[in-house]
Amino acid sequence: MTSITFHGGVGEVGGNKFLVESKKTSIFLDFGKNYAREKRFFEEPFLRPKDEEHLLSLGIIPNVPGIYKGDEKEQGIDGIVLSHAHTDHGDSIRYLNDQLPVYCGSVTKQIILAREFSGLSQGDYSIGKCLKVKGQNLYERRCLKDFHDIQSGEMQSIGDLKVVQHCVDHSTPGACGTILETPDSTIAYTGDIRMHGRRQRLTDGFVKAAKKSKPDVLLIEGTNMLEGRMNDEDDVQFKAIDVVNRTKGLVMTGFSNADLDRARTFYEVAKATGRTLVLSAKQAYILHSLREFKDQDFLSLENDDVAIFLKSKKRRSPFELELESESGYDIMEADDVRGRQKEILMAFTLYDMNETFEIKPMVGSSYILSSSEPFDEEMEISYDKLCNWLQHLAMPLYQIHASGHARPYELKEIIAEISPEIVIPIHTSYPDLYADYISDLDVKVHLPKDGATFQIS
Ligand SMILES: [Zn+2]
């Protein structure tokens, strides 16, 4: 007997939490933050969830006994398997009992921790904490969760389950598809996936492995079912080079901190246009945290034409001081940028806009928005506020983006290739359209309701 209970992520984008139960074992596939439901009640940072009990009573996190920090009972499940580091797939692990094992790739773990160490304090619900060493000018970074590394392509046993993850192409590195064998069923789960990025061959590898596993069920995302945009990463590079070449002043660009392929793209844009790429401290801290992963070809912060923007010395956080202390890194402050605007391509979001009072962008500067509007994977982009700032600064906006998610025809090709018994569309606002669109394939489609259990065997 194997079942899947859907707690978010069906009929909506994000908040995936799928409870898989076999005879002896139960795990969650992803445990993501449900932005849409949280936004109905909360307004971060001033009105934030304070207690998992509150989230439970608002129906934002699932009522599964024995898994949360405040629960007194024995641990109610055997672990969480995360597909990737985006917050809508993993951030709600912060409410879980710290002893619950969290299984994911090491890149995913490092990104989650880097974001935690460089973000606002989450108090009792921290995944990691940065603590000052008593009496010394040193900081200790402590991971508070029981992470277990899964190596891509290698089998991990959890109770009577066998779990294999394969890296896929998505808008953050380390993203994986998961193949899960119970004693009587096989489930394949894409996580978030695309075929038009720089790592397409990874997606091909997962599809091949999933096909070989002959899954009973394929859980497959469908974010872009009603907006299949045809830009790829090369288009972003080509178009951004054009904008930068035609801009005489400073060029600023906004993109997701964890999208390291986009950071690489803008590095290529900077090189092609004779500029220096200046990254934000939070982006740089993610790259800094991944500097040991030499085989992954991440952008090096030690490159001559890469710099890190740090805010005024008076306001620096421990993670910024750590970046500042690295001798190989080129640090720039507002004064430096102000004096070299024509030579700089700068990553800059709405939340950095206070710095423009010091930078003073010159006449003839431009802004490239390189994320989807109004949501990206990590947060809501306050598009109206961004536009107000750009009007104030007299900076025109160009939108140049390639999605982290597969196009509709790519999803259909993936399903046809894997050829599962049953397809369950998840992470989509258009499940009915999805089901109709693939109805000419030789597969059954199941559309689950939120909170419902699907019995596989
Ligand atoms: Zn994602």
Side-chain angles (χ1 to χ4, degrees), residues 8-18 28-38 80-93 102-105 107-116 127 150 152 165-178 188-200 202-203 206 219-225 227-229 231-233 236 255-263 265 282-283 286 290 370-381 401-408 410-411 414 425-430:
V10 292
E12 60 186 356
V13 169
N16 290 18
K17 298 179 204 72
F18 309 136
F28 267 101
L29 287 173
D30 282 341
F31 207 79
K33 183 181 174 83
N34 196 315
Y35 282 92
R37 286 189 213 174
E38 286 196 21
I80 315 288
V81 176
L82 297 182
S83 62
H84 64 292
H86 279 148
T87 48
D88 64 334
H89 287 255
D91 196 67
S92 289
I93 61 168
V102 178
Y103 299 88
C104 62
V107 169
T108 292
K109 172 186 160 185
Q110 290 302 335
I111 294 174
I112 290 172
L113 289 175
R115 200 166 39 210
E116 197 76 358
I127 295 168
I150 296 187
S152 184
Q165 290 200 315
H166 294 269
C167 286
V168 295
D169 188 13
H170 182 44
S171 48
T172 192
C176 286
T178 304
Y189 169 45
T190 59
D192 286 350
I193 198 166
R194 69 176 168 192
M195 302 194 81
H196 55 267
R198 296 246 162 88
R199 298 163 195 257
Q200 182 193 336
L202 294 179
T203 301
F206 166 70
L219 303 167
I220 180 164
E221 70 124 313
T223 315
N224 282 347
M225 196 41 75
E227 47 180 337
R229 295 172 198 232
N231 266 2
D232 60 24
E233 209 59 32
V236 173
F255 59 94
S256 168
N257 287 342
D259 191 346
L260 303 187
D261 285 342
R262 191 58 46 85
T265 295
K282 288 188 179 189
Q283 286 168 336
I286 290 177
L290 294 172
S370 192
S371 56
S372 49
E373 169 267 318
F375 288 97
D376 77 0
E377 306 272 354
E378 306 281 54
M379 60 181 162
E380 183 184 5
I381 295 169
H401 182 52
S403 175
H405 301 275
R407 299 160 185 154
E410 292 171 338
L411 294 168
I414 291 171
I426 41 99
H427 205 275
T428 179
S429 301
Y430 309 101

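Counting starts at 1 for both ligands and their atoms, following the listed order. Computed from a predicted structure; not experimentally measured.
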Ionic contact status for D261 with R194, cut-off 4.0 Å: yes
Mutual orientation of the aromatic rings belonging to H170 and H86 [parallel < 30°, tilted 30-60°, perpendicular > 60°]: perpendicular
Side chains of N16 and E221, donor plus acceptor under 3.5 Å: no
N, O or S of H405 under 2.8 Å from the Zn ion (ligand 1): no
Short side-chain donor-acceptor distance under 3.5 Å, R198 and T265: yes
Proximal heteroatom of D192 relative to the Zn ion (ligand 1) (N/O/S): OD2
Atom name in H86, limited to N/O/S, at shortest distance from the Zn ion (ligand 1): ND1
